[in-house]
K.L.:
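The structure's right below; bear with me while I get my questions together.
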2 protein chains.
Amino acid sequence: MFSKTCQYAIKAVIYIHKQSLVGKKVGAKEIGQEIDAPDAFTAKILQILVRQQVVGSFKGPTGGFFVDKSHESKTLKDVVMAIDGDGLFHGCSLGLKQCSEVNPCPLHFEISNVRTKIIHMLTVKSLKQLAEEVGDGTTVLARFA
Amino acid sequence: MFSKTCQYAIKAVIYIHKQSLVGKKVGAKEIGQEIDAPDAFTAKILQILVRQQVVGSFKGPTGGFFVDKSHESKTLKDVVMAIDGDGLFHGCSLGLKQCSEVNPCPLHFEISNVRTKIIHMLTVKSLKQLAEEVGDGTTVLARFA
DNA sequence: ATCATAAAGGATAAAATTATCCTTTATTAT
DNA sequence: ATAATAAAGGATAATTTTATCCTTTATGAT
């Protein structure tokens, strides 16, 4: 459903939100260790998320990744869009070019119901809300390792 | 949602069903051309589907791939399971090892709804039923190319 | 100003997925 | 029996995804 990269991205973003809730910026290395992903690869993913303005970053000492008011309304859908693109949400699920209402693939109508549920799942709560639910900083590792 | 290989597999199986409806066996090459997939790769996919008994095959002249009574009740879920495995249906969608009711990931409960819809989509009709709906032999190309 | 720190970015490598080619095996037609 | 046909299977290659390493740029601390 989600690429491995996207799974990392989701975990990373929630961790950043959690740490921002207690006023902490976090480094790529720390994030990688927390979410059990290679740190250099995590850094690459974070670059994309920063460019797409899903999270913010600062360079230098005391720098790191964080979120502020401007990121509060972001959702998991934004993360998935940034990393995996819109394939989950749009286009023929069998990869047909001319799939349409009048010339539908065998999944054309059923996939709509599925996508409605997926979009609901990924937008019903903001990333901030999700982060608040995950638990305090000491339990994050238990959930993400 | 589905790997490219799985998309090929779905199209191939529906095409085989359609041709079996009119009593025809079909070769890997013909299938590949019909579904717009490389034929050698299509042949590999078909090998798996035969082993998993999603379709049948015969070697030699007049040979090819087909389905009979024994395949009638197979569904798209069987195809997806054979090619992509059960990742869509089971396990943590974020790839966490210890994700559970008591220690759930942020998607743990929502993903269940999505999976229910996915399973419905992939099992509500048999492959045979789907094939019957796709149209007659002359329109298949328009749908799959 | 200088140094240390951390993100950004470029180049490269490893692994997995997708794709091709060739040989072997089974089956049919002659 | 022999030849022709088509799936099965093995080996290899191309592409994409995932991962690593090193240099550059920005920022803060001293």
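What you see is a predicted model, and the numbers here were worked out from it, not measured in a lab. Residue numbering restarts at 1 for every chain, and letters A, B, ... go by the order of the sequence lines.
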K.L.:
Could you state the CZ-C1' distance from B:Phe58 to C:dT25, rounded to the nearest angstrom?
P.N.:
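Going from B:Phe58 (CZ) to C:dT25 (C1'), I get 15 Å.
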K.L.:
Check whether any side-chain nitrogen or oxygen of B:Ser57 sits under 4.0 Å from OP1 or OP2 of D:dA8, and answer yes or no.
P.N.:
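Checking D:dA8 against B:Ser57, a side-chain N or O does come within under 4.0 Å of OP1 or OP2.
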K.L.:
Check every strand shown and say whether B:Val55 touches a base, only sugar-phosphate, or nothing at a heavy-atom separation below 4.0 Å.
P.N.:
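Here B:Val55 touches no strand at all.
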K.L.:
Taking only side-chain N and O atoms of A:Arg51, does any of them lie within less than 4.0 angstrom of OP1 or OP2 on C:dG9?
P.N.:
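Checking A:Arg51 against C:dG9: at least one side-chain N or O falls below 4.0 Å of OP1 or OP2.
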K.L.:
Quick one: A:Asp39 CG to C:dG9 C1', roughly how many Å, whole number?
P.N.:
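That distance rounds to 17 Å.
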K.L.:
Donor-acceptor pair, A:Ser57 side chain versus A:Phe65 backbone, under 3.5 Å?
P.N.:
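No.
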K.L.:
Could you tell me the separation between the CG atom of B:Asp36 and the P atom of C:dA19, rounded to a whole number of Å?
P.N.:
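For the pair B:Asp36 CG and C:dA19 P, the rounded distance is 10 Å.
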K.L.:
Report yes or no: does B:Asp78 contribute a side-chain atom to a donor-acceptor pair with the main-chain N or O of B:Thr75 at less than 3.5 Å?
P.N.:
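Yes; at least one donor-acceptor contact below 3.5 Å.
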K.L.:
Would you indicate which nucleotide in C:dG9, D:dT18, C:dT20 comes nearest to any side-chain atom of B:Pro38?
P.N.:
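Shortest atom-to-atom distance from the side chain points to C:dT20.
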K.L.:
Check step by step if salt bridge (charged side-chain N to carboxylate O under 4.0 Å, His left out) holds for B:Glu110 and A:Lys117.
P.N.:
CA-CA 9 Å; B:Glu110 284 290 336; A:Lys117 285 288 178 192; over 6 Å; no
K.L.:
What is the nucleic acid contact for A:Ala28, judged by heavy atoms within less than 4.0 Å: base, sugar-phosphate only, or nothing?
P.N.:
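Contact class for A:Ala28: sugar-phosphate only.
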K.L.:
Have a look at B:Lys29 and say if it touches a base, only the backbone sugar-phosphate, or nothing, with a 4.0 Å heavy-atom cut-off.
P.N.:
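Contact class for B:Lys29: none.
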K.L.:
Return whichever of B:Thr62 or A:Gly64 has its heavy-atom-nearest nucleotide of DNA chain C closer to the 5' end.
P.N.:
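So the residue in question is A:Gly64.
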K.L.:
Just how far, in rounded Å, is P of C:dA11 from CD of A:Gln47?
P.N.:
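Roughly 14 Å, once rounded to whole Å.
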K.L.:
OP1 or OP2 of D:dT18 less than 4.0 angstrom from a side-chain nitrogen or oxygen of A:Thr5, does that happen here?
P.N.:
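A:Thr5 to D:dT18 OP1/OP2: side-chain N or O found under 4.0 Å.
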K.L.:
Report the nucleotide, chosen from D:dT18, D:dA7, C:dT20, that has the shortest atom-to-atom distance to any side-chain atom of B:Ala40.
P.N.:
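Side chain of B:Ala40 sits closest to C:dT20.
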K.L.:
Just the rounded figure in Å: distance from P of D:dT17 to CZ of A:Phe2.
P.N.:
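These atoms are roughly 17 Å apart.
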K.L.:
Can you get from B:Leu94 to A:Val124 by hopping between Ile, Leu, Val, Met, Phe, Trp and Tyr side chains that sit under 4.5 Å apart?
P.N.:
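Each belongs to a different hydrophobic cluster.
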K.L.:
How many whole angstroms separate atom NZ of B:Lys59 from atom P of D:dA8?
P.N.:
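Going from B:Lys59 (NZ) to D:dA8 (P), I get 7 Å.
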K.L.:
Using whole Å, report how far CD of B:Gln52 lies from P of D:dA7.
P.N.:
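Going from CD in B:Gln52 over to P in D:dA7 covers 19 Å.
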K.L.:
Which class fits the ring pair B:Phe41 and B:Tyr8: parallel under 30°, tilted 30 to 60°, perpendicular over 60°?
P.N.:
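If you compare the ring of B:Phe41 with that of B:Tyr8, the planes turn out perpendicular.
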K.L.:
Under 4.0 Å between a side-chain N or O of A:Tyr8 and OP1 or OP2 of D:dA19?
P.N.:
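For D:dA19, OP1/OP2 do have a side-chain N/O of A:Tyr8 under 4.0 Å.
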K.L.:
Starting at the 5' end of DNA chain D, which residue's closest nucleotide do you reach first, B:Phe65 or A:Gly60?
P.N.:
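Looking at the nearest nucleotide for each, B:Phe65 comes out on the 5' side.
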K.L.:
Between A:Thr42 and A:Pro61, which residue's closest nucleotide on DNA chain D lies nearer the 5′ terminus?
P.N.:
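Final value for this comparison: A:Thr42.
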K.L.:
Starting at NZ of B:Lys44 and ending at P of C:dT17, how long is that distance when rounded to a whole Å?
P.N.:
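It is 16 Å, rounded to the nearest whole Å.
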